[in-house]
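Encoded as structure tokens, the structure appears first; notes follow it.
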Amino acid sequence: MRKRQVVLRRASPEEPSRSSSTASSLTVRTVRYGECQKNHAAAVGGYAVDGCREFMASRGEEGTVAALTCAACGCHRSFHRRETETEVVCDCNSPPSTGN
């Protein structure tokens, strides 16, 4: 899992300058489902995957059973490798430097 920190600074004329430093952060998680790992030959004691490279939801609204089925291979989403990317967005304000 990769963690990436993005620091944003506001410099809008409407916002008054602050003399104390404050910080707040927001964690954003993005989940992507990669290649299918279902073993189609498990019943006969072998190992064979279907070669599906990425989960594509079949027709259906988000949260329905149809949205959990892959349109390419027909497998459930849980057979596809789950990739999670976490991004931490930090809104940091620091006091202005005096230049000394």
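Computed over heavy atoms, backbone and side chain alike; hydrogens, waters and symmetry mates excluded.
Using a distance-only test at 3.5 Å, with no hydrogens or angles considered, no donor-acceptor pair links the side chain of S58 to the main chain of A67. The closest donor-acceptor contact from the side chain of D50 to the backbone of C73 lies at 3.5 Å or more, if one exists at all.
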* Asked: Yes or no on side chain to side chain contact (heavy atoms under 4.5 Å, CB included) for Q37 and F79, after CA distance, side-chain angles and deciding distance?
  -> CA-CA 6 Å; Q37 297 177 336; F79 285 108; 5.8 Å; no
* **Verdict with supporting geometry, V31 and R82, side chain to side chain contact (heavy atoms under 4.5 Å, CB included)** => CA-CA 7 Å; V31 178; R82 181 180 173 144; 3.6 Å; yes
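To the nearest 0.5 Å, atom CD of residue E87 and atom CG of residue L26 are 9.0 Å apart. Within the model, atoms OG1 of T69 and CZ of R77 stand 10.0 Å from one another, a figure rounded to the nearest 0.5 Å. One distance of note links CZ of R53 with CD of E35; it measures 5.5 Å at 0.5 Å rounding. Atom-to-atom distance recorded for H76:NE2 and L68:CG is 4.5 Å, nearest 0.5 angstrom.
In this structure, H80 has its ring center no closer than 6.0 Å to that of Y33.
In this structure, Y47 and N39 approach most closely via the heavy-atom pair CA-OD1, 3.3 Å.
A 4.5 Å side-chain heavy-atom check between C36 and C70 finds every atom pair outside the cut-off. Here the side chains of E54 and R32 are in contact, with some heavy-atom distance below 4.5 Å. Side chains of T27 and T86 form a contact here, defined as non-hydrogen atoms less than 4.5 Å apart.
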